[in-house]
Amino acid sequence: MRRRFGTAGLDLLDTDPSESVTLSQAVQSSTEEGARPDLDGEAGVLFGAMTGSVVGLRYYTGVVNKREMVSLVREPHNPYDRNAVMVANVYGNQVGHIKKELAAPMAYIMDNNLAKIEGVVPYGKTNKFSMSVTLFFWGEEENRAAVTTKLNHCGFRFDPVKGTFFLFHGFKSAKAPGSSLQEMLSKNLVAAVPLTAEQMKNSFDKMFDDLMADKTREMEAADAVFTPLLPHQKQALYWMAARENNDHLPPFWEQKGDLYVNVLTNFGVKQRPERVLGGILADDMGLGKTLTTIALIMSNFHDGRPLLLDKADQKGSEPYGLNRHLVFTPLSDMDIFTTVFLGADSRISTARATLIICPLSVLSNWLDQFEQHVRFGENLSVYLYYGTERCRDHNFLSRQDVVLTTYNVLSADYGNKESSPLHKVSWLRVVLDEGHVVRNPNAQQTKAVLDLSSERRWILSGTPIQNSLKDLWVLMAFLKLKPFDVKEWWNRVIQRPVTQGDRESLKNLQALIKGITLRRTKTSKVAGKSVVELPQKKMFVQRVTLSEEERQEYDLAKTEGQKVIGRYVTEGTVLTNYADVLAILVRLRQICCHPGLLGSYARVSSGDTSAPSDLQERLISKIRLVLSCGSDEECAICLDSLRQPVITYCAHVFCRPCICEVIRSEQERAKCPLCRAHINTKELVEYPGDKETGTSTSGKEKWRSSSKVDALMGRLLQVHGEDPAVKSLVVSQFTRFLTLLETPLRQHGFTFTRLDGSMNQRSRVKAIAEFQDSSPSSPSIMLLSLTAGGVGLNLTAASRVFMMDPSWNPAAEDQCVDRCHRLGQTRDVIITKFIVKNSVEEDMMRIQLNKKELMEKTFGSKSVQDQRQSRIEEIKTMMAL
DNA sequence: ACCGCCGGGTGCC
DNA sequence: ACCGCCGGGTGCC
């Protein structure tokens, strides 16, 4: 019901991935998460084109008009011919079949994935029984011969078109008045000068810029919204409400006579295509997407009328808070406040409820913000659909005003066969918060999201195109932007031509995005005025000189490290012994912070032959060392930050998914990617997490300071002396360092709180609330681990940031600073980075800079090999080798 | 006539 | 399908 296509349309258009996967494709796909073993809109060359015929038109209802694109779908189980190739129009309705003689070679080509075949019907239907179709064969160059040979063998050849000029996706329909293939293709030649990679990158980067035009009208929020909106939020509210109430045809649809025609595919239908009532709100972090969305919920129930207006009149005199119930529900892995506001009105039988789906990390933020911004006299019912006790009655859910849940819960419910109440409700509105997290088309989560039924659909995201064009498809599918909700059409009309540099398709993409997206950055301006006036941000580097004692210790460790790494470099085994190398670097970084950080971690040499239990212990201590209590090391397979880190018996650290994939694909022959030792899944040791017991170590042992600690304390005392109201963030990657810092902070009488990744949701919420509080007794310092908290983390109470140690990842540092340099900040933000002179920290700073430049130049397109090589170079630099 | 020719029935894969 | 193909009816001029 919810899928307008019917299952046949969608499922048939999606090739079954279990069919005909070649070995090389399997290997390729194993390196990329969820990659599909087909051509899937990727680049490829056009082998040629020919005319074929579609027969059996009179048996089917699907219609096609002049120059319309059609899709060709294999029907291997057709009882009359196992070579059958079905022809369908853009909506997936069957038009006919390819004539059997031609279907035979086409089936072979399609089944063996030698080419992707696309069709355009040049004249439309001229009789009841058959029509011609122009077929385009796209594929990898290496398969060209196989395709041509097969066709020739069956008595077909490509039409004799000179040269290789027909580069793109069929025809530029509007410009192709001619009827012959030759003529149509030569028209296309005119537009076929592709963009260079650099031009493409530029246009792509700019796509989300400058989306401000005509989006400056404002709308006041309903009275029920307690917080006054800022001007840019009123603009967003106006825009969102206008999108929800719009009566326009979706992008690229035009009315022509009694037909609605999609000008990109030339597909025409009698029935008006569904309106797209929603879009993407892609404002920068901190501009108030949550508040704006709440305002939308309250202000545009139907036709621009606020939610619950009549009820407010009725019950306006009721005391504030009477209908508010706070229910405390203990959950399995963490505690969270479940807030239920009762008293919803069930008179409105049409869709009334808004469903909000967000990552777990921002769930409590939504609840807080509803509480903060909405007057509760309004009787708003917000139901948190989370936890084992959640109410699974879809009738109950549909009577709420707002249902809030997480992607994981949605996805888990969806996997539970018939029993997903979220999928039984016809929602007024569905909001995907941090919507860019949905991007893998094959993930259960994506399917669960796409299968929701709703009139209005919104995506909130601070990072609209995080990775690439590829990730956009899911968003288009969610917004139901026909025909792009079917992947073939997205690939054919947008993704492939844009990837190959087609200007017109890029323009189309830009127009598409522009029509449905609102994006403002912190620096966006409306009529010369900044959207948000943020205080200034200043960054200083404070160089720290090690004491003589520390320097000795450092130099000793460095000489020792040089010996070891020097040997690896000469042997060419740096990557083989990567864990050791990282351990040495971490050790040096730790000495820069505080010599006591080294702790009692035992060194593990690779050739160790201890008893298994002992080995286990040693491995755990090694993985601890590598991760150094919360630092951001990379996995040698994906070269990304470690996720679910595990250590092998040969003492190398990887992401669990990465190394498991290696083991899965190589089976018994699996070898460690770094040292080629045999590995298997049973011998992976997990990182048990930091089990340190807070202050116990610092309590027992005699306190010892360090140069960096002294430098920090000096600054903190100075800040306190200048203005005791100023609060500071003290940031480190090493949570053990944060623990060490607690002692001198206490000694100097500072009140402080702490936030790191090991804390549960309850204590996080508590720590943040305490810190944000402005009373004089509230903590003036927060010890913060670099990567703690989601993007939504709001620490605007602080205006000083002390970065205790440099990170490999400059983005992580920026993000951390943005937690206080955001909307709501009233003071200038001053950031101090402590860097130890003549140390690995200086090298890291330099490398960070180089990296940033390189990224900008190359569009991040360095191969994994290159990245590894430059990593080796970096290590050599740092060790002065 | 073990042909030619005529004209009706018929028609995707 | 204003086709091709099939197969039954038919058969000097």
Side-chain angles (χ1 to χ4, degrees), chain A residues 5-20 38-39 47-139 146-159 170 179-181 265-269 483 486-489 492:
Chain A
F5 270 68
T7 45
L10 271 179
D11 295 344
L12 287 174
L13 290 173
D14 264 32
T15 343
D16 181 355
S18 66
E19 283 173 32
S20 59
D38 60 16
L39 296 167
F47 297 155
M50 68 168 71
T51 303
S53 43
V54 189
V55 294
L57 303 192
R58 64 172 159 147
Y59 299 98
Y60 308 101
T61 52
V63 285
V64 259
N65 302 295
K66 207 172 171 178
R67 290 185 221 112
E68 227 178 275
M69 293 186 181
V70 290
S71 65
L72 304 160
V73 185
R74 274 286 284 129
E75 278 185 331
H77 302 300
N78 186 299
Y80 304 96
D81 183 357
R82 54 189 189 81
N83 291 326
V85 177
M86 186 255 263
V87 178
N89 69 16
V90 173
Y91 270 12
N93 305 123
Q94 181 162 7
V95 174
H97 282 104
I98 294 293
K99 213 167 159 43
K100 62 176 179 295
E101 292 78 9
L102 180 54
M106 280 175 63
Y108 175 84
I109 289 164
M110 293 167 88
D111 294 348
N112 291 294
N113 221 353
L114 298 173
K116 167 105 185 95
I117 309 175
E118 296 177 351
V120 175
V121 171
Y123 330 110
K125 198 157 119 169
T126 52
N127 66 56
K128 279 197 244 182
F129 307 98
S130 70
M131 70 201 294
S132 58
V133 57
T134 309
L135 301 167
F136 296 86
F137 292 71
W138 295 86
V147 170
T148 323
T149 312
K150 183 68 190 178
L151 287 170
N152 289 350
H153 210 74
C154 296
F156 297 96
R157 48 191 69 248
F158 288 131
D159 285 336
S179 51
S180 77
L181 174 62
T265 60
N266 270 321
F267 178 61
V269 258
V486 174
K487 210 160 171 204
E488 167 167 7
W489 304 111
R492 234 176 115 167

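Within 3.5 Å, a donor on the side chain of A/N78 pairs with an acceptor on the base of B/dC13, or the reverse.
Taking the side-chain hydrogen bond (donor to acceptor under 3.5 Å, both in side chains) definition, one finds that A/N152 meets it with nothing, sequence neighbours left out. Qualifying side chain to side chain contact (heavy atoms under 4.5 Å, CB included) partners for A/S53, counting only residues two or more places apart in sequence or in other chains: A/K99. Remark: A/N83 pairs with no residue by the side-chain hydrogen bond (donor to acceptor under 3.5 Å, both in side chains) rule, at least two apart or across chains. Every residue two or more places apart in sequence or in another chain was checked for a ring-ring contact (aromatic ring centres under 6.0 Å, His included) with A/F156, and none qualifies.
In this structure, C/dC13 forms no base pair with any nucleotide, since neither Watson-Crick nor G-U wobble geometry is met with both distances under 3.5 Å. B/dC2 is unpaired under the criterion used here, namely a Watson-Crick or G-U wobble arrangement in which both key atom distances are under 3.5 Å.
Side chain of A/N78 to main chain of A/Y80: a donor-acceptor pair is present (N/O by atom type, distance under 3.5 Å, no hydrogens or angles).
Counting heavy atoms from C-beta on, the side chains of A/I117 and A/F137 come closer than 4.5 Å. At a threshold of 4.5 Å between non-hydrogen side-chain atoms, the residues A/K125 and A/N65 do not count as touching.
C/dC12 and B/dC3 have their C1' atoms separated by 15 Å, given to the nearest Å. To the nearest whole angstrom, the two C1' atoms, one in B/dA1 and one in B/dC6, are 15 Å apart. Using C1' as the reference atom, B/dC2 and C/dC13 are 25 Å apart when rounded to the nearest Å.
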Might you list the N or O atoms of the protein lying below 3.5 Å from N or O atoms in nucleotides 1-6 of chain C, with each pair's distance?
none

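The stretch residues 97-109 of chain A touches DNA chain B through A/H97, A/I98, A/K99, A/K100, each having a heavy atom within less than 4.0 Å of the strand.
Relative to the six-membered ring of A/Y123, A/K66 misses at least one condition, a distance below 6.0 Å or an angle of at most 45° to the axis.
Taking atom OH of A/Y80 as the reference point, atom C1' of B/dG11 lies 14 Å away to the nearest angstrom.
Residue A/Y59 places at least one side-chain N or O closer than 4.0 Å to OP1 or OP2 of B/dC12.
Checking each of A/V70, A/V120, A/N89, A/V90 against A/T265 for a side chain to side chain contact (heavy atoms under 4.5 Å, CB included) leaves exactly one that passes, namely A/V90.
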